[in-house]
Structures are given as C-alpha cells and as structure tokens.
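Scroll down for the structure; my scribbles are underneath it.
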Number of protein chains: 2
Amino acid sequence: MVVAREREPEGMDLVHLLREVTLQLDLAGGEFATRNGLHPTDLRALIALLDAARAGEELTAGRLGARLGLNSAGTTALVDRLERLGHLRRVRDTRDRRRVLLVVDPRAVALGQSFFGPLIARTLALLDTFDPGERAAIRRFLTGVRDATAGTQEPEGAEKT
Amino acid sequence: MVVAREREPEGMDLVHLLREVTLQLDLAGGEFATRNGLHPTDLRALIALLDAARAGEELTAGRLGARLGLNSAGTTALVDRLERLGHLRRVRDTRDRRRVLLVVDPRAVALGQSFFGPLIARTLALLDTFDPGERAAIRRFLTGVRDATAGTQEPEGAEKT
DNA sequence: CCAAGTATCTCGCTCAGCGAGATAATGTGG
DNA sequence: CCACATTATCTCGCTGAGCGAGATACTTGG
C-alpha cells in the first residue's frame with residue numbers, strides 16, 4: 001500500500017520526527033525507571049527536583065505536584081516514595097511552617113547522572129557537528145515548539161487540583 | 001551549594017530545551033487525555049495506531065503492546081478500553097487466526113486531529129520561518145537524538161513478555 | 001484574636017498494569 | 001496425521017499510583 005498518501009505538507013516530516021523523539025525519550029525513561037525500581041512519575045519528579053536544584057530554586061511538595069500534574073494526595077504519596085527510597089528529605093520551611101521543602105539527596109543526583117549522562121554526552125557530541133548558525137536554528141525551533149505546546153493548554157493560571 | 005555552578009558545556013542549553021519540550025508535550029498529552037476520558041497510555045496507543053495506519057501497516061494487539069512497553073495482560077486491558085470507547089475494533093486475522101488486528105475507527109482519527117491539529121499547525125507555521133538549510137539542521141539533530149536515545153536502551157532485540 | 005486562605009496530609013476508593021497461567025491456533029518432526 | 005513446542009491473546013488475582021473529599025496545621029488580613 002502506502003499509495004498516494006495525499007501529499008503531506010512541507011515540514012510534516014519534522015513534526016513526525018519530533019514525535020518520535022519524544023516517544024523514544026519516554027520509553028527510555030520508563031525503561032530506566034522500572035529498572036531502578038521506580039515509576040515513570042518518580043523519574044519525572046527527580047528530573048524536576050534536579051532541575052530546580054540546578055537553578056538554585058527551592059522546591060516545595062506542592063510546587064512539585066503542580067509541575068507534574070498531580071493532586072495533593074498523589075503528591076504526598078510520590079514524596080513518600082522518593083523519601084523512602086532515600087532520594088530526598090522533607091524539610092519544614094522555617095519561614096512558612098505549612099510548607100515542606102524537598103531536599104535532594106546526592107544519590108538522586110547520581111541516579112540522574114546515570115540516566116542522563118550517556119544521553120547528554122551523545123547529544124553534545126552530536127551538537128559538535130553543527131555550526132553556530134545551525135545551533136541557533138535548533139534553539140529557536142525547540143523554543144518555539146515548547147512555547148507553542150505550553151500555549152495549547154490553558155492560556156494561563158491553571159488553578160485546579 | 002549552587003554557587004559557581006561549574007560552567008555547563010556549550011550546547012547544554014539545547015539539551016535542557018529538548019527536555020523541556022518533551023515535558024511540555026507529555027503534560028499536554030496527559031491533560032488532553034484526561035480531558036477526553038482516557039489515560040496517557042491510551043493516547044500513546046492511539047498515536048501508535050494512527051501512525052501505523054498512516055504507514056499502511058497492520059497493527060496487532062501484541063505489536064501495539066510491545067511498542068508501548070506493556071505486557072500481554074496490560075495490552076488486553078488497553079485494547080478493551082479503547083474498544084469500549086469505540087476507538088478501534090478487534091478483527092481476527094484470517095491468515096493467522098491467533099492474531100487480533102486492530103482497526104482504528106474514524107472517531108479515533110478525529111480525536112487525534114483535535115489534539116495534534118493545532119499543535120501541528122503551529123509547528124508548521126514555525127517551520128515556515130526557517131530556510132531549507134536550517135530545516136535540514138533541525139532534521140539532522142532530531143534524527144540524531146532519536147537514534148541516540150533508542151541506542152541507549154538495549155542494543156537490539158528486546159524480546160520479553 | 002478570629003476568619004479566610006494556603007500547604008500538606010489522611011482515608012477510602014478506582015482502576016492501570018503486572019505475574020502466572022489458561023486457551024487456541026500454527027508449525028514441525030516422526 | 002498425531003504429539004509437541006511455539007506464538008498470540010486472554011483470564012484471574014493482586015499491587016499500588018493517583019483521585020476526591022476532607023482533616024489538620026500554619027499564616028495573614030481585618
């Protein structure tokens with residue numbers, strides 16, 4: 001078959017490629033997660049935590065849950081799991097004692113490295129083969145897609161839970 | 001402590017950007033899924049089904065499950081759900097009557113459109129702002145990342161379940 | 001101080017996905 | 001053709017992720 005497939009518009013191949021990339025990353029993440037005794041969500045949480053740490057940002061339980069699209073109950077369960085595994089510690093915020101700050105453990109960092117390390121190395125090697133102009137194009141493309149995707153959801157302030 | 005953040009290597013910003021993009025797509029997908037009474041996995045399955053259909057490929061229950069990383073029990077449950085929702089039909093393969101072919105319903109196609117349509121439109125519009133050389137760079141980058149990610153997992157033949 | 005607001009947690013529940021194994025259809029060697 | 005291994009799917013029973021509802025503890029503005 002495959003017949004005439006009514007001509008997809010120019011650029012469609014890139015759209016499909018992008019989808020494939022996200023699928024691959026998801027699968028890789030899921031596989032890595034189960035191999036390490038956690039769930040896809042836990043890995044996503046770790047990534048968010050490491051990200052926040054890298055940005056020097058204090059992450060609370062609530063903010064983490066919001067970032068992952070969990071409600072408060074699910075968030076508590078998630079933090080329980082990660083704490084039980086030793087990937088983070090709960091620390092009461094002294095400024096606002098309702099809040100619980102999440103402090104990542106070095107072991108979580110190491111775990112993140114072991115997953116992303118090889119992937120990042122390969123990607124950086126790949127990026128070395130592009131000249132600055134090309135990298136700028138890639139950057140602009142990714143930025144655009146990210147913003148377009150974020151914009152597909154609610155215009156703003158998604159307050160629920 | 002966060003201080004001097006020992007200079008991230010050149011290109012690291014693109015790595016983070018890519019992660020952000022996949023996160024956004026995941027969240028958007030998950031949100032769309034629940035808004036339509038299905039689960040993230042169901043949406044992934046629909047995408048796989050539509051993909052296969054687009055490629056003129058017959059997808060069986062088993063192949064779908066493998067593609068999503070589910071075991072046979074989970075796959076049966078998934079297909080049950082999608083069939084109950086009217087997104088697909090089970091059709092016994094007449095050549096090999098052990099196999100069940102999955103036939104997507106037009107309604108599934110429509111659902112896929114309603115999710116991907118706007119996203120695709122935006123992406124295509126974005127792509128219009130790139131010249132052919134830049135698009136080639138993006139294509140090469142995405143292809144490289146996809147292959148690098150796939151390679152991170154097993155070298156080949158992941159035969160289980 | 002009290003009321004309203006906010007952050008997290010507890011409880012009870014549903015249901016996705018797993019492991020184990022049943023069932024049915026194919027292919028293969030005697 | 002009949003045992004027998006193989007393959008594809010399904011059934012059963014179970015674990016546990018995540019939800020809704022509401023409790024609890026703390027903060028803040030009148």
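Sequence lines set the chain letters: A, B, ... in the order given, protein chains first and strands last, and positions in each chain run from 1. Remember, it's a predicted structure, so these values are computed and weren't measured experimentally. The figures that follow rest on heavy atoms only: side chains count, while hydrogens, waters and symmetry mates do not.
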### Message
Any side-chain N or O of B:Arg90 below 4.0 angstrom from OP1/OP2 of D:dC10?
### Response
yes
### Message
Under a 3.5 Å distance rule, please check whether A:Glu134 uses its side chain to pair with a backbone N or O of A:Asp131 as donor and acceptor.
### Response
yes
### Query
At under 4.0 Å, does any side-chain N or O of A:Arg81 touch on OP1 or OP2 of D:dG18?
yes
### Task
Take atom CG of B:Asp93 and atom P of C:dA24, then tell me their distance rounded to the nearest Å.
19 Å
### Message
Starting the side chain at C-beta, find the nucleotide from D:dA17, D:dC12, C:dT10 nearest to A:Ala73.
### Response
C:dT10
### Query
Within this structure, what is the CG-to-P distance between A:Asp80 and C:dC9, rounded to whole angstrom?
7 Å
### Message
Using the rule given for side-chain hydrogen bond (donor to acceptor under 3.5 Å, both in side chains), can you reason through A:Arg54 versus B:His16, listing the C-alpha separation, both sets of side-chain angles and the distance that settles it, and then say yes or no?
### Response
CA-CA 11 Å; A:Arg54 200 165 41 76; B:His16 290 311; 3.2 Å; yes
### Summary
B:Ser72 has its side chain closest, among C:dG17, D:dC10, C:dT8, to D:dC10
### Query
B:Arg92 CZ to C:dA24 C1': how many Å, rounded?
8 Å
#### Entry: Phosphate-side-chain proximity, A:Thr41 and D:dG18, N/O vs OP1/OP2 below 4.0 Å
yes
#### Entry: A:Asp96 CG to D:dT27 P, straight-line distance once rounded to whole Å
6 Å
### Between C1' of C:dG27 and CZ of B:Arg97, the distance in whole Å
15 Å
### Which nucleotide in C:dT8, D:dA8, D:dA17 has an atom nearest any side-chain atom of A:Ala61
C:dT8
### Query
Closest heavy-atom contact between B:Leu43 and B:Gly29?
CD2-O, 3.4 Å
### Query
Once you round it to whole Å, what is the distance between C1' of D:dT6 and CZ of B:Arg99?
14 Å
### Message
If you assign each of A:Gly69 and B:Thr76 to its closest nucleotide in DNA chain D, which residue comes earlier from the 5' end?
### Response
B:Thr76
### Message
By nearest atom, which of the nucleotides D:dT9, C:dC18, D:dG18 is closest to the B:Leu70 side chain?
### Response
C:dC18
#### Entry: Donor-acceptor pair present, B:Arg98 side chain and D:dT7 base, under 3.5 Å
yes
### Query
Rounded to the nearest Å, what distance is computed from the CG atom of residue A:Asn71 to the P atom of nucleotide C:dT10?
14 Å
### Message
So that I can tick it off, tell me whether B:Glu83 and B:Arg90 are bridged by a salt bridge, with the cut-off set at under 4.0 angstrom between side-chain N and carboxylate O.
### Response
yes
### Query
Rounded to the Å, how far apart are B:Leu68 CG and C:dA16 P?
14 Å
### Query
For A:Arg140 and B:Thr129, does a side-chain donor sit closer than 3.5 Å to a side-chain acceptor?
yes
